[in-house]
**Student:** 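My questions all concern the structure below.
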Number of protein chains: 2
Amino acid sequence: MHVQRLEAYMGTSEDYERRHHRKQSTAVTSHDVALAAGVSQATVARTFSSPDLVASETKARVLEAAERLAYIPNAMARTLKSQRSRIVGVVVPSEGEYYQHVLTELTAQLSAAGEQLLLFTFSGTDDIDDVIASVLSYQVDGVMVASSAINVQQIQRIVSSGVPVVSFNQPAATGLSPSVVADNAAGMEKLAEYLVDTGHRSVIFIGGVAAAPTDQERYQSAVRTLSDHDVLCRYFEAGAYTYRAGLNAAAHLIEEPRLPDAVMVAADEIALGVIDGLRAKGISVPGDLSVTGFDGLPQAEWLAYDLTTVSLPITEMVKHTVDLLGPDTPESDEIVVPGTLRKGTTVKTRNDERV
Amino acid sequence: MHVQRLEAYMGTSEDYERRHHRKQSTAVTSHDVALAAGVSQATVARTFSSPDLVASETKARVLEAAERLAYIPNAMARTLKSQRSRIVGVVVPSEGEYYQHVLTELTAQLSAAGEQLLLFTFSGTDDIDDVIASVLSYQVDGVMVASSAINVQQIQRIVSSGVPVVSFNQPAATGLSPSVVADNAAGMEKLAEYLVDTGHRSVIFIGGVAAAPTDQERYQSAVRTLSDHDVLCRYFEAGAYTYRAGLNAAAHLIEEPRLPDAVMVAADEIALGVIDGLRAKGISVPGDLSVTGFDGLPQAEWLAYDLTTVSLPITEMVKHTVDLLGPDTPESDEIVVPGTLRKGTTVKTRNDERV
DNA sequence: TTGTAAGCGTTATCAC
DNA sequence: GTGATAACGCTTACAA
């Protein structure tokens, strides 16, 4: 190696690497562009962060040099200085069609707003505290937490770190942080009334996880509405918000001495499993038994199911979330979004009976 | 945040922050912790980045102070200095069950490897070049691109920036960057042979987007295998990799003067739409017409469909991807992963005929 | 309008 | 083992 001798006239080896675009630290910086364009580093930085402050002729020279060197500003350095990362942290469960759906919408809306999305998922066994520390370490501009597996203390921790948090579908977080929630009670009420109107007199409610606030809101609303019409409604826990849990729940259901008229399921994904489980055992839905869901997943509309459910306006809910994460987040605010009744063909109506 | 010291001549910390238009940043730094623990800032940094170099007694003092102040190291500053962000950029289409599925798996595996995932999605109209610039600006440790909507030049751009790229399911990227692809040809061959074995003599292939390399590989393999057995196979383009596109394709299909024996669909999600579309028109699957898919989505196993398809081992494919993004990425490497034939009940077998 | 220079909060290289 | 002290690449007063 002749490194020492080379350095004498080439500068440090780092300089050498940079000039020759060697692999590893090919990193072109605003400094390099400045050199090439014959301006100061500050001017280069300005043409990218506040172009209005730069004379258009200078700007052109800088942009030309930047283009030529394939310069891309370093977002980490920007973040460090400006305290703004343009990254939103998102904490969601790793499972579940519903969150997949929310995530799709969120990415689209965030990128339209010029924010990126740093994704954190967790499954049952993961330590959510670690996840939170990790999110915060990345200096995110905001955090959206979407799962009731995250508890109030954990949300409190994010809040007290000074980072804007929005909780999504977490009734329990109300008051702590701004939140966007579906109107579970109103939705279930519509559904229950529809069942009563169509002549259903006995109902079993299949929940996902009994401890989840969402589950409780939905169940209690169903019970309340049905009991107003003297219809009893028992609770059965599927154990998870998954298709498979629904399949299992259906297997248990058919062991009942007497089937109810209808099954109200806490979430669409479970409901689809319930339907398939019932049909596999020769029980006709809705012929022998009506089934309803909740959420309004795309799959619920698939013709094989055509589920009667409450459709939540995901786009609108995500829009509110993104707004709340924006520049002036309120200390605390609860946005309750109503769902709409979707009448599919999994509930037996009087018309069906006549047939 | 050395507010305490400044207060003597600057007024309260609130005054200071107001004058400087700072928001209430509770930002606790390693410096604050050092002050509290009576050590130097360097020692604090060390106890977090290389704990072995710190005496255990000192370490304990530092950790106690850090805990008390709720200190979380700033990942952006770490990145700036260490040139390692622990972030992987992921570029995927915003639509499609398949990519959702891949994403779920990827997040899980990356976080197990201590990497975070910065998500970039795009839909048809978005400018992918912008997306790429954005990814690169975040100093990601690697990029996974998963869509054939991204072209060779764009991958080349990432490669030449020096960031490790792995392309996922992009046959066209072979040679440019390491890639992980499904063995489309072998998979379709198995499927086609299964159809021939079960007595199918005429086939229509429904693709998603004809221009997609994946589509072409799958179609060509089907044609090749079928023609070896003197079975003709026409191509029909659904237009997108969606359920809805499948539904539409089915509508076109039934206008054919004569239905084929089987429909081979390029992707499961489309196939589910095709099945529902056919059944809605009173055509029995597999009674009147067999249908196959490709991918092995969870939904394909839902009992309402129980699709005959090729299951791709997503977990394994993602594992390879994560490995390739790891410390020593090869310049270029192609990992071809075989799928397995999943025999569902959407193909009419000889047994069915006997019934 | 542009340049100078002081950080942002770490990591890394030295001495001690 | 620990403490100074440079960077890392940018933003942002302040000066010119």
Side-chain angles (χ1 to χ4, degrees), chain A residues 11-15 17-18 24-35 37-62 66 69 71-86 136-139 161, chain B residues 1-3 5-6 16-17 19-23 25-35 37-62 66 69 71-86 136-139 161:
Chain A
T12 69
S13 60
E14 279 172 17
D15 286 342
E17 276 183 3
R18 185 169 304 147
Q24 295 302 333
S25 53
T26 308
V28 177
T29 72
S30 55
H31 213 96
D32 299 317
V33 176
L35 222 62
V39 297
S40 74
Q41 177 273 332
T43 298
V44 175
R46 269 192 287 254
T47 76
F48 284 91
S49 59
S50 23
D52 322 328
L53 302 181
V54 180
S56 55
E57 201 203 312
T58 322
K59 195 153 47 183
R61 258 208 341 275
V62 170
L69 300 181
Y71 167 68
I72 295 176
N74 184 322
M76 298 309 201
R78 169 170 52 59
T79 299
L80 191 58
K81 182 64 191 172
S82 69
Q83 309 285 42
R84 181 117 195 269
S85 60
R86 298 199 152 282
L136 294 179
S137 77
Y138 281 98
Q139 313 303 108
S161 82
Chain B
M1 239 196 80
H2 315 285
V3 178
R5 277 182 278 154
L6 292 171
Y16 175 84
E17 283 181 354
R19 266 184 270 132
H20 290 256
H21 306 287
R22 277 224 225 125
K23 68 174 184 184
S25 77
T26 315
V28 178
T29 72
S30 55
H31 217 104
D32 300 314
V33 176
L35 222 63
V39 296
S40 75
Q41 178 274 332
T43 299
V44 175
R46 268 192 288 258
T47 76
F48 283 91
S49 59
S50 21
D52 323 326
L53 302 180
V54 181
S56 56
E57 202 204 313
T58 325
K59 195 154 47 185
R61 260 207 342 277
V62 170
L69 300 181
Y71 168 67
I72 295 176
N74 184 322
M76 298 308 201
R78 171 172 48 63
T79 300
L80 189 57
K81 184 62 192 171
S82 69
Q83 310 284 41
R84 177 117 196 269
S85 61
R86 299 198 150 282
L136 294 180
S137 77
Y138 281 98
Q139 312 303 108
S161 81

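Throughout, a chain's letter reflects where its sequence line sits, starting with A, and its residues are numbered from 1. The model shown is predicted, which means the values in this text are computed figures rather than measured ones.
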**Student:** Closest approach of Ser85(B) and Met76(A), non-hydrogen atoms and distance?
**Tutor:**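 Closest pair (atom of Ser85(B), atom of Met76(A), distance): CB-CE, 3.9 Å.
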**Student:** With respect to the phosphate group of dC10(D), does any side-chain polar atom (N or O) of Ser30(A) fall under 4.0 Å of OP1 or OP2?
**Tutor:**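 Yes, such a contact exists.
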**Student:** If you assign each of Ala55(B) and Lys81(B) to its closest nucleotide in DNA chain D, which residue comes earlier from the 5' end?
**Tutor:**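 Closer to the 5' end of DNA chain D: Ala55(B).
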**Student:** State, with a plain yes or no, whether a side-chain heavy atom of Val54(B) is found less than 4.5 Å away from one of Val62(B).
**Tutor:**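 Sidechains of Val62(B) and Val54(B): no contact.
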**Student:** Under 4.0 angstrom, heavy atoms only, what part of the nucleic acid is Tyr71(B) near: base, sugar-phosphate, or nothing?
**Tutor:**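 Sugar-phosphate: the residue Tyr71(B), judged by heavy atoms under 4.0 Å, touches backbone atoms but no base.
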**Student:** With heavy atoms under 4.0 Å as the rule, sort Thr58(B) into base, sugar-phosphate or nothing.
**Tutor:**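 Counting heavy atoms under 4.0 Å across all strands, the contact made by Thr58(B) is with sugar-phosphate only.
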**Student:** Taking the minimum atom-to-atom distance to the side chain of Ser82(A), which one of dG3(D), dC8(D), dT12(D) wins?
**Tutor:**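 Of the options given, the side chain of Ser82(A) lies nearest dT12(D).
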**Student:** What is the minimum heavy-atom distance between Ser137(B) and Pro73(A), and which atoms define it?
**Tutor:**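 Closest heavy-atom pair between Ser137(B) and Pro73(A): CB-O, 3.3 Å.
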**Student:** Take the protein atom CG of Leu80(A) and the nucleotide atom C1' of dG9(C), then report the distance between them rounded to whole Å.
**Tutor:**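 Atom CG in Leu80(A) sits about 5 Å away from atom C1' in dG9(C).
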**Student:** Between Thr29(B) and dG9(C), does any side-chain N or O lie under 4.0 Å from OP1 or OP2?
**Tutor:**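 Negative; the distance criterion is not met.
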**Student:** Heavy-atom nearest nucleotide on DNA chain C for Glu57(A) versus Ile72(B): which residue maps closer to 5'?
**Tutor:**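 By nearest-heavy-atom nucleotide position, the 5'-most residue is Glu57(A).
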**Student:** Think Tyr138(B) has a side-chain N or O under 4.0 angstrom from the OP1 or OP2 of dG9(D)?
**Tutor:**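 No.
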**Student:** Could you state the atom-to-atom distance from CZ of Arg78(B) to C1' of dA12(C) in whole Å?
**Tutor:**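 So the CZ-C1' distance, Arg78(B) to dA12(C), works out to 15 Å.
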**Student:** What's the CG-P distance between Leu53(A) and dT12(D), to the nearest Å?
**Tutor:**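 So the two atoms are 10 Å apart, to the nearest Å.
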**Student:** Reading DNA chain C from 5' onward, which residue's closest nucleotide shows up sooner: Ala42(B) or Asn74(B)?
**Tutor:**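 Its nearest nucleotide being more 5', the pick is Asn74(B).
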**Student:** Rounding to an integer number of Å, can you tell me how far Arg46(B) CZ sits from dG3(D) C1'?
**Tutor:**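 It works out to 7 Å between those atoms.
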